[in-house]
Visitor: 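I'd like to ask some things about the structure below.
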Amino acid sequence: MSKIDLKTEYKSLYSATSKDFALIEVPSLHYLMFDGVGDPNTAPAYAQAIEALYSLSYTLKFMSKRAFDRDYVVGPLEGLWWARDMKTFVTREKSKWSWTMMILQPDWIEKGHLCAALSEVVMKKGLPGLEKVRLERLDEGLSAQILHVGPYDDEGPVLQRLHEEWLPAQGLIETGKHHEIYLSDPRKTAPEKLKTILRQPVKKR
């Protein structure tokens, strides 16, 4: 049985340079998603989201092997972030943030498979928040992205430069939510070595 790696299948989406922003075209993709609000370091819903998303993602992976004879690598954690005042991302006022945590799924995974996986995880683990997980497509299209290396709290100046300098200079404006892709495991990686792709859907003015 061959195993696909979605990061390799969509290489341009999961690789970026830290030197400068680059424009890419993001296809329509579907994810397991979990919505929440508040500081990801302290909000109970955030921990629930991570556990629920990974439990369901691995259950779907093994279900795919049994049902379709198709194996794949579970993708990295990703997040959409927004707030009423986007400057709170520069000032790092995390209690004012809203978020959708996500894990990319192969195209052959459908809502019926998620329902079956939910039943299996509920029976085995009974995790809180499982009912909040949904399978949904995300259409970002034209997007700017850059690789950030370092602590998450050091992202502020990069985002400020993107929104206040780079996008205006390119004649672009934001069209969607700020998107982060976590390429490193913060439990195993020193903060100064964390790698995160920062993405912003855009359009011409």
Side-chain angles (χ1 to χ4, degrees), residues 5-7 10 13-14 16 26-61 72-84 86 88-89 92-107 109-111 113-115 117-118 120-122 125-140 143 145-148 150-156 158-159 174 176-189 191 194-201:
D5 187 339
L6 296 174
K7 296 195 305 299
Y10 299 106
L13 308 186
Y14 290 92
V26 184
S28 176
L29 300 169
H30 72 174
Y31 297 83
L32 289 186
M33 297 183 174
F34 189 120
D35 299 327
V37 296
D39 186 338
N41 296 314
T42 58
Y46 187 83
Q48 291 177 10
I50 305 311
E51 190 169 15
L53 288 171
Y54 274 111
S55 294
L56 287 167
S57 290
Y58 277 100
T59 299
L60 286 166
K61 166 190 165 71
Y72 58 91
V73 178
V74 171
L77 182 68
E78 306 185 34
L80 303 178
W81 300 85
W82 70 100
R84 288 187 176 182
M86 292 301 288
T88 59
F89 287 97
R92 314 309 285 174
E93 298 175 77
K94 300 175 185 178
S95 63
K96 298 180 180 179
W97 297 354
S98 297
W99 41 263
T100 298
M101 304 315 296
M102 319 185 295
I103 295 179
L104 181 66
Q105 303 298 309
D107 281 342
I109 299 297
E110 300 176 351
K111 291 184 178 180
H113 305 131
L114 174 58
C115 290
L118 278 167
E120 187 173 326
V121 175
V122 166
K125 298 183 178 181
L127 299 175
L130 285 170
E131 72 284 353
K132 297 180 182 179
V133 179
R134 67 187 189 280
L135 183 66
E136 186 173 303
R137 284 209 167 268
L138 179 64
D139 297 296
E140 291 183 299
S143 299
Q145 70 178 29
I146 193 170
L147 177 66
H148 172 70
Y152 302 133
D153 282 340
D154 288 354
E155 293 174 7
V158 181
L159 298 177
E174 305 90 340
K177 296 170 181 172
H178 172 67
H179 186 164
E180 298 193 352
I181 301 170
Y182 306 103
L183 301 178
S184 306
D185 185 341
R187 299 169 301 176
K188 303 175 182 178
T189 308
L194 290 170
K195 293 183 178 181
T196 309
I197 292 179
L198 309 180
R199 180 183 299 159
Q200 176 62 56

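Only this structure's heavy atoms are used, side chains among them; waters, hydrogens and symmetry mates stay out.
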Visitor: How many angstroms lie between CG in Leu77 and OG in Ser184, if you round to the nearest 0.5 Å?
Guide: 12.0 Å

Visitor: Within the structure provided, determine whether Trp97 and Arg92 are in side-chain contact (heavy-atom separation under 4.5 Å).
Guide: yes

Visitor: Taking the side chain as everything from C-beta on, heavy atoms only, tell me whether Leu147 gets closer than 4.5 Å to Leu183.
Guide: yes

Visitor: Determine yes or no for a side-chain-to-main-chain donor-acceptor pair under 3.5 angstrom, with Gln200 supplying the side chain and Gly176 the backbone.
Guide: yes

Visitor: When you compare the side chain of Met101 with that of Trp81, does any pair of heavy atoms fall below 4.5 Å?
Guide: yes

Visitor: Is the backbone of Leu194 close enough, under 3.5 Å, to the side chain of Thr189 for a donor and an acceptor to pair up by distance?
Guide: no

Visitor: Could you pull out all residues at least two apart from Tyr182 that satisfy ring-ring contact (aromatic ring centres under 6.0 Å, His included)?
Guide: Tyr152

Visitor: Which atom pair, heavy atoms only, marks the closest approach of Pro106 to Leu6?
Guide: N-CD1, 4.0 Å

Visitor: Using a 6.0 Å cut-off, check whether atom CD of Glu51 has over 12 heavy atoms from anything other than its own residue.
Guide: no

Visitor: Taking all heavy atoms of Ser57 and all of Val74, pick out the closest pair and write down the distance.
Guide: CB-CG1, 3.9 Å

Visitor: For Leu53 and Met33, which heavy atoms make the closest approach, and how far apart are they?
Guide: CD2-N, 4.0 Å

Visitor: Under the side-chain contact (heavy atoms from CB on, under 4.5 Å) criterion, do Val26 and Tyr10 qualify, and how do the steps go?
Guide: CA-CA 9 Å; Val26 184; Tyr10 299 106; over 6 Å; no

Visitor: Kindly compute the distance separating CZ (Phe34) from NZ (Lys132), expressed to the nearest 0.5 Å.
Guide: 4.5 Å

Visitor: Is the shortest heavy-atom distance from the side chain of Met102 to the side chain of Glu136 under 4.5 Å?
Guide: no

Visitor: Are any non-hydrogen side-chain atoms of Gln48 and Leu127 less than 4.5 angstrom apart?
Guide: no

Visitor: Going by heavy atoms in the side chains, are Tyr72 and Leu60 under 4.5 Å from each other?
Guide: yes

Visitor: Roughly how far, to the nearest 0.5 Å, is the OG atom of Ser143 from the CZ atom of Arg199?
Guide: 6.0 Å

Visitor: Is it true that a side-chain atom of Lys7 and a backbone atom of Gly75 form a donor plus acceptor pair closer than 3.5 Å?
Guide: no

Visitor: To the nearest 0.5 angstrom, please state how far the NZ atom of Lys195 sits from the CD1 atom of Ile181.
Guide: 14.0 Å

Visitor: For the residue pair Gly38 and Trp99, what are the closest heavy atoms and their distance?
Guide: O-NE1, 3.1 Å

Visitor: Might you point out which heavy atoms bring Leu32 and Leu114 nearest each other, and give the distance in Å?
Guide: CD2-CD1, 3.8 Å

Visitor: Below 4.5 Å, heavy atoms only, C-beta onward: do Asp153 and Lys94 meet side chain to side chain?
Guide: yes

Visitor: Nearest 0.5 angstrom please: Ile109 CD1 to Lys61 NZ, how far?
Guide: 11.0 Å

Visitor: Can you name the one residue among Leu56, Leu29, Leu135 that meets side chain to side chain contact (heavy atoms under 4.5 Å, CB included) with Gln105?
Guide: Leu135

Visitor: Quick one: CG on Leu198 to NE2 on His179, what's the gap to the nearest 0.5 Å?
Guide: 10.5 Å

Visitor: Side chains of Asp39 and Ser95: is there a donor and an acceptor less than 3.5 Å apart?
Guide: no

Visitor: Counting neighbours of CZ on Arg84 that are heavy atoms of other residues, nucleotides or ligands and sit closer than 6.0 Å, is the number greater than 12?
Guide: no

Visitor: For His113, give me all partners under ring-ring contact (aromatic ring centres under 6.0 Å, His included), at least two apart in sequence or on another chain.
Guide: Phe68

Visitor: Show the nearest heavy-atom pair for residues Ala43 and Val37, with the distance to one decimal.
Guide: CB-O, 3.8 Å

